[in-house]
Enquirer: 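My questions all concern the structure below.
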2 protein chains.
Amino acid sequence: MAAECLAMRSRLIGRTVTGIYDDALRPVGVTAGQLNILAVVVRRGPISPGEVARRLNIEKSTMSRTVERMKRNAWLEISPGESARSQELRITKAGRRVLEEAEPMWREAQRRAREILGSSGVEAIHQLAAAIRERTAWAQ
Amino acid sequence: MAAECLAMRSRLIGRTVTGIYDDALRPVGVTAGQLNILAVVVRRGPISPGEVARRLNIEKSTMSRTVERMKRNAWLEISPGESARSQELRITKAGRRVLEEAEPMWREAQRRAREILGSSGVEAIHQLAAAIRERTAWAQ
DNA sequence: CTCGTTGTGATGTATATACAACTGACAGCG
DNA sequence: CGCTGTCAGTTGTATATACATCACAACGAG
């Protein structure tokens with residue numbers, strides 16, 4: 001069982017790859033997940049947490065807590081959105097700085113990950129992720 | 001960046017696949033990771049936590065806490081090992097029962113996961129995991 | 001034998017994650 | 001207008017995970 005469990009194996013891959021990025025990003029103190037959120041927020045201007053979560057296929061509760069940490073770090077600014085029940089996220093100066101500092105490191109991590117996974121591995125991951133996102137799109 | 005980050009994508013895959021197993025296993029109250037530990041312990045007789053962790057490529061601290069939970073559930077029994085600094089894990093009757101009940105569900109989850117990932121996806125995951133394990137073997 | 005090193009686990013602290021339950025706000029319906 | 005259902009976000013609770021550090025035992029060199 002342990003020799004073939006797909007859950008264990010895909011988590012192993014996830015842990016390993018995440019480790020590469022988190023190692024690289026440690027000097028900046030941002031995680032891969034947080035960096036991706038920053039990237040989405042900077043790109044899409046003021047955007048609601050829920051929208052970011054949908055774009056990144058993240059649970060809303062995970063998003064809520066991650067945003068909280070990023071706000072604590074003053075990387076994100078949160079203001080009430082159009083309707084009183086929604087919010088708007090904006091990147092702050094500090095957030096922008098983090099993003100700029102982190103980008104080359106992210107690039108380096110991406111390079112190292114490619115190296116470790118091999119081009120077929122990289123392709124497989126992109127393909128699988130795309131398939132999952134498509135499949136989940138229907139649920140949203 | 002968000003469109004191509006390998007860390008995000010591999011974690012997405014891991015989350016999705018894990019979700020399939022955890023859904024299937026929920027009635028028994030065991031997670032995929034715990035089930036794998038049970039499988040290793042039942043197979044390898046009395047075995048130390050460290051050894052299990054090495055076999056499953058799990059951090060020793062993660063292992064320590066997972067074992068604690070499984071002990072709390074009375075699925076595992078912990079006794080002092082040969083040397084005073086090591087321990088021996090044994091599966092209990094309750095643990096065996098869980099394993100038996102869970103196995104068909106695990107099989108079903110595995111089937112569903114295969115279905116979702118497709119045969120090329122399954123192959124890619126096995127291949128990547130194998131490569132990572134090999135690569136890490138050197139570090140151990 | 002003593003000291004420094006290494007192996008095994010435990011623990012502190014922090015993030016990511018899930019699911020369920022909850023709150024508040026809105027929107028449509030009767 | 002008042003209900004009812006839905007949407008956005010939060011919070012409770014639990015697991016998985018990482019890294020650093022600690023405690024302790026065991027081992028090996030001198």
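Residue numbers start from 1 in every chain, and the chains themselves are labelled A, B, ... in the order their sequence lines are given, proteins ahead of strands. Remember, it's a predicted structure, so these values are computed and weren't measured experimentally.
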Enquirer: Would you check if Met8(A) and Ile58(B) make a side-chain contact, meaning some heavy-atom pair closer than 4.5 Å?
Expert: yes
Enquirer: For DNA chain D, which residues of residues 18-35 of chain B approach it to below 4.0 angstrom with any heavy atom?
Expert: Thr31(B), Gln34(B)
Enquirer: Taking side chain to side chain donor-acceptor pair (under 3.5 Å) as the cut-off, I'd like each qualifying pair that reaches into residues 59-70 of chain B, sequence neighbours left out, listed once.
Expert: none
Enquirer: Please check this pair: side chain of Gln110(A) against backbone of Glu4(B), looking for a donor-acceptor N/O pair closer than 3.5 Å.
Expert: yes
Enquirer: Whether the side chain of Arg133(B) engages the backbone of Arg55(B) through a donor-acceptor N/O pair (distance < 3.5 Å, no angle test) should be reported.
Expert: yes
Enquirer: Mapping Ser48(B) and Leu12(B) onto DNA chain C by nearest heavy atom, which one lands closer to the 5' end?
Expert: Ser48(B)
Enquirer: Is Glu100(A) salt-bridged to Arg97(A), cutoff N-O under 4.0 Å?
Expert: no
Enquirer: Return the minimal non-hydrogen interatomic distance between Gln127(A) and Ser120(B), and the atom names on each side.
Expert: OE1-OG, 4.3 Å
Enquirer: With distance as the sole test, does Thr92(A) use its side chain to make a donor-acceptor pair with the main-chain N or O of Ala74(A) at under 3.5 Å?
Expert: yes
Enquirer: Rounded to the Å, how far apart are Arg54(B) CZ and dG7(C) C1'?
Expert: 9 Å
Enquirer: I'd like to check Trp75(A) versus Val41(A) (side-chain heavy atoms, cut-off strictly below 4.5 Å). Are they in contact?
Expert: no
Enquirer: Show every salt bridge (charged side-chain N to carboxylate O under 4.0 Å, His left out) that has at least one partner inside residues 78-95 of chain B, sequence neighbours left out.
Expert: Glu88(B)-Arg90(B)
Enquirer: More 5' along DNA chain D: Arg11(A) or Glu51(A), using each one's nearest nucleotide?
Expert: Glu51(A)
Enquirer: Is the shortest heavy-atom distance from the side chain of Glu77(B) to the side chain of Leu89(B) under 4.5 Å?
Expert: no
Enquirer: Check the distance between dA14(C)'s P and Glu59(B)'s CD and give it to me in whole angstrom.
Expert: 18 Å
Enquirer: How many Å lie between CD1 on Ile47(B) and C1' on dT8(C), as a whole number?
Expert: 14 Å
Enquirer: Mind listing the residues from residues 63-72 of chain B sitting with a heavy atom below 4.0 Å of DNA chain D? Number order is fine.
Expert: Arg65(B), Thr66(B), Arg69(B)
Enquirer: Where do Glu115(A) and Arg112(A) land on the salt bridge (charged side-chain N to carboxylate O under 4.0 Å, His left out) test, with the steps shown first?
Expert: CA-CA 5 Å; Glu115(A) 192 176 293; Arg112(A) 232 181 311 165; over 6 Å; no
Enquirer: Taking only heavy atoms on the protein side, list every residue of residues 79-86 of chain A lying under 4.0 Å from any atom of DNA chain C, sorted numerically.
Expert: Ser83(A), Ala84(A), Arg85(A)
Enquirer: Side-chain contact, heavy-atom cut-off 4.5 Å: Leu99(A) with Ile91(A)?
Expert: yes
Enquirer: Does a side-chain heavy-atom distance below 4.5 Å link Met70(A) with Asn73(A)?
Expert: no
Enquirer: For Lys60(A) and dA16(C), give me the distance from atom NZ to atom C1', rounded to whole Å.
Expert: 18 Å
Enquirer: For the pair made of CD1 in Ile37(A) and C1' in dT15(C), what is the distance, rounded to whole Å?
Expert: 12 Å
Enquirer: Could you tell me the separation between the CZ atom of Arg9(A) and the C1' atom of dA16(D), rounded to a whole number of Å?
Expert: 19 Å
Enquirer: So which one's nearest nucleotide on DNA chain D is more toward 5', Arg15(A) or Ser61(A)?
Expert: Ser61(A)
Enquirer: Please list, by residue number, the residues of residues 89-102 of chain A whose heavy atoms come closer than 4.0 Å to an atom of DNA chain C; answer none if no residue qualifies.
Expert: none
Enquirer: Distance check needed: dA23(D) P versus Gln87(B) CD, whole Å only.
Expert: 18 Å
Enquirer: Treating Asn57(A) as the side-chain partner and Ala53(A) as the backbone partner, does any N or O pair qualify as donor plus acceptor under 3.5 Å?
Expert: no
